[in-house]
Protein chains: 2
Amino acid sequence: MAVKPSSERSKQPRRKKAPLQSKHELRSDAPLSLDRIVATAVELLDAEGIEGLTMRRLAARLEAGAMSLYWHVGNKEEVFDLALDQVLEYRRPLQNSAPEDWRKELVHMLEDWRASMLRHPWSASLLPRRALGPNILGRLELLSETLSRAGVADEDLNVAIWSLWNFVIGATITRANFDRSDEDRAAAQQRLTHLAESYPTIGRSRLLLDSDWDGTFRKGLDVLLDGLSTR
Amino acid sequence: MAVKPSSERSKQPRRKKAPLQSKHELRSDAPLSLDRIVATAVELLDAEGIEGLTMRRLAARLEAGAMSLYWHVGNKEEVFDLALDQVLEYRRPLQNSAPEDWRKELVHMLEDWRASMLRHPWSASLLPRRALGPNILGRLELLSETLSRAGVADEDLNVAIWSLWNFVIGATITRANFDRSDEDRAAAQQRLTHLAESYPTIGRSRLLLDSDWDGTFRKGLDVLLDGLSTR
DNA sequence: ATTCGCATCGTACAGTGTACGAGTCAATTG
DNA sequence: CAATTGACTCGTACACTGTACGATGCGAAT
């Protein structure tokens, strides 16, 4: 009886090491592993977006049969979970910074977070429905730790963490969303001028048109951090 | 040649008014309109979640053929757009409040926003991919207007709006997400204690376990508003 | 030589969104 | 009154999806 690994980590197949072809079947190059599957899924998502990822297409890119994937992965949802978490890996910069640099560290991590997700716009729309992978948890842990080290009292910690997390998530999702829907700037522009009558303040502030997303993110973050550190 | 309305608003069918049955076909009750479709879609989403909504099931609930829906609606995506916006309608409380109550008004609208989305948890996961419907824009407009009336300078307006928006979106998505994934508390609990080794600070703060979501939301909002008003 | 467990994959099935075109029926026109 | 139009409904069909099931191959252990 065969038992699938599926979600037990730490399990690499030990196959033939050197012998690259058996008989005459020079099966391109592929041993087909979880890592390869996830990496290819990210590629495919980058290239074709969320609807572009189907098990058959993914398998084709791996030069494998569609059902072969199911040995390594429980179902399609799991592929999404893994792809999302993979994209959110974070290596903290080397620890030579002074302990009062906590704010710089935080901003660095949070801006990197946002940047990572914007580099893979599908990740933003995926986030709401996915489980917390190790990389996401790692970022949360780093966040808690840094805030705690910065002197935030334990009873205020959760508010601080969630406020920052919420802000990053919201900003990223919004931004990623606007990027795509403005593929057709022309249509958007026209829609906006038509809307200016019903929504005058939005129209005046040009909120939807030429927001400086990066600057807005940075400033909003400052507002939050100011508020948190004076508490 | 027939021309579909599909996305031209202001178009109600004028049919037989009083005569409820023609001949002997007492066709239950259904004239099948955009409004009825959207309302039923929301019902279905509430009952079965995002994957539960299929065109065939929706049609069945309306006692109509599946393809009949496509006269009123361009495609399934549009159904999602409309359902989402429908759920986000907001009636501002009567305008008897003093002008310095802007902060109370803001908090009311934002908490109502979050509450509306949590009442229909699918809406949170839908938000990232959807267009801005009139109700969403209405809320944005109200937000701008109130902040502007509160004396926020025009050049700070966008930062303020987006910060609040981001916060609400992020908080709601996170919350809705956790609700679902904790259907099986037992599993979550066990996972958490196992994780406590790798993520000590998260474990200590019990961040994922017993957060007071409503309180955290309210406090985070205060932090933001404090930060914004002292600028 | 036989067994066993890992790994791959072909076939099949139920279900999806929707294109197409035929159908119904009230209102309008000649 | 007959004919035409146009709003609306819906049955059938097609390409495509995720994945259950079982057959197959293969290296290592017995």
Side-chain angles (χ1 to χ4, degrees), chain A residues 1-6 8 10-25 27-37 41 44 48-81, chain B residues 1-6 8 10-25 27-37 41 44 48-81:
Chain A
M1 172 187 315
V3 177
K4 315 172 42 170
S6 201
E8 296 128 51
S10 79
K11 189 82 169 295
Q12 62 258 29
R14 59 277 186 268
R15 276 238 180 147
K16 55 205 168 188
K17 273 186 198 168
L20 264 178
Q21 61 264 23
S22 63
K23 289 276 163 60
H24 57 294
E25 280 261 58
R27 198 154 175 18
S28 71
D29 52 355
L32 195 54
S33 66
L34 227 207
D35 286 349
R36 234 162 68 78
I37 290 177
L44 190 55
E48 316 264 4
I50 249 174
E51 350 250 58
L53 176 57
T54 68
M55 295 307 264
R56 281 179 244 256
R57 284 234 268 270
L58 181 53
R61 261 195 190 225
L62 289 158
E63 293 178 288
M67 290 314 292
S68 306
L69 303 183
Y70 285 89
W71 177 260
H72 304 268
V73 158
N75 50 32
K76 191 185 179 182
E77 299 258 295
E78 203 177 308
V79 177
F80 279 132
D81 285 346
Chain B
M1 169 187 317
V3 177
K4 317 172 39 171
S6 199
E8 295 126 52
S10 77
K11 190 82 166 302
Q12 63 260 28
R14 56 282 186 270
R15 276 246 181 136
K16 54 206 169 189
K17 272 187 200 164
L20 264 179
Q21 61 263 23
S22 62
K23 291 274 165 61
H24 56 294
E25 280 262 58
R27 191 150 182 23
S28 69
D29 53 354
L32 195 54
S33 66
L34 226 206
D35 286 348
R36 235 164 64 78
I37 290 177
L44 191 54
E48 316 264 3
I50 249 175
E51 350 249 59
L53 175 58
T54 68
M55 296 305 266
R56 280 178 244 256
R57 285 234 269 269
L58 180 53
R61 259 193 191 226
L62 289 158
E63 293 179 287
M67 290 313 292
S68 306
L69 304 183
Y70 285 90
W71 177 260
H72 305 268
V73 158
N75 49 34
K76 191 184 178 182
E77 298 257 296
E78 203 177 308
V79 177
F80 280 132
D81 285 346

How many Å lie between [atom1] on [X] and [atom2] on [N], as a whole number?
{"X": "B:L58", "N": "C:dG15", "atom1": "CG", "atom2": "P", "answer": "18 Å"}
{"X": "B:R36", "N": "D:dC8", "atom1": "CZ", "atom2": "C1'", "answer": "14 Å"}
{"X": "A:W71", "N": "C:dT8", "atom1": "CH2", "atom2": "C1'", "answer": "10 Å"}
{"X": "B:L32", "N": "C:dC25", "atom1": "CG", "atom2": "P", "answer": "16 Å"}
{"X": "A:L62", "N": "C:dC9", "atom1": "CG", "atom2": "P", "answer": "10 Å"}
{"X": "B:E63", "N": "D:dG11", "atom1": "CD", "atom2": "C1'", "answer": "18 Å"}

*List for me each residue that meets side chain to side chain contact (heavy atoms under 4.5 Å, CB included) alongside A:M67, sequence neighbours excluded, and say none if there are none.*
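Side chain to side chain contact (heavy atoms under 4.5 Å, CB included) check on A:M67 returns A:Y70.
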*asked:* Checking A:R61 now: which residues fulfil side chain to side chain contact (heavy atoms under 4.5 Å, CB included) with it, not counting sequence neighbours?
replied: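 Checked A:R61 against side chain to side chain contact (heavy atoms under 4.5 Å, CB included); matches are A:T40, A:E43, A:L44, A:A47.
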Polar atoms only, N or O, under 3.5 Å: list the protein pairs with nucleotides 12-18 of chain D and their distances.
residue : atom : partner : partner atom : Å
D:dG18  : OP1  : A:K76   : NZ           : 2.6
D:dG18  : OP2  : A:M55   : N            : 3.1
D:dG18  : N7   : A:R56   : NH2          : 2.6
D:dG18  : O6   : A:R56   : NH2          : 2.8

_With a 4.0 Å limit, can you tell me whether B:S68 has a side-chain N or O closer than that to the phosphate oxygens OP1/OP2 of D:dC8?_
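So the side-chain polar atoms of B:S68 never come under 4.0 Å of the phosphate oxygens OP1 or OP2 of D:dC8.
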*For D:dA7, take OP1 and OP2 only and decide whether either is under 4.0 Å from a side-chain N or O of B:H72.*
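Answer no for this pair, as no side-chain N or O of B:H72 is under 4.0 Å from OP1 or OP2.
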*Specify the residue among A:E77 and B:L69 whose closest nucleotide of DNA chain D lies further upstream toward the 5′ end.*
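Its nucleotide being nearer the 5' end, the pick is B:L69.
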Validation: residues 52-59 of chain B side-chain donor-acceptor distances under 3.5 Å, sequence neighbours left out:
residue : atom : partner : partner atom : Å
B:T54   : OG1  : B:R57   : N            : 3.1
B:R57   : NE   : B:G52   : O            : 3.3
B:R57   : NH2  : B:G52   : O            : 3.4

*Using five pairs at either end of the helix from C:dA1-D:dT30 to C:dG30-D:dC1, determine the angle between the two local helix axes and round it to 10 degrees.*
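The end axes of the helix from C:dA1-D:dT30 to C:dG30-D:dC1 are about 20° apart, to the nearest 10°.
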*Please list, chain by chain and in numerical order, all residues satisfying side chain to side chain donor-acceptor pair (under 3.5 Å) with A:E77, sequence neighbours excluded.*
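With sequence neighbours excluded, A:E77 shows a side chain to side chain donor-acceptor pair (under 3.5 Å) to A:R130, given in chain and number order.
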Going from [atom1] on [X] to [atom2] on [Y], what distance comes out if it is rounded to the nearest 0.5 angstrom?
{"X": "A:E78", "Y": "A:L69", "atom1": "CD", "atom2": "CG", "value": "11.5 Å"}
{"X": "A:L34", "Y": "A:W71", "atom1": "CG", "atom2": "CH2", "value": "12.5 Å"}
{"X": "B:L62", "Y": "B:L32", "atom1": "CG", "atom2": "CG", "value": "6.0 Å"}

*What are the two closest heavy atoms between B:R36 and B:P31, and how far apart are they?*
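That closest heavy-atom pairing would be NE-CD, 4.1 Å.
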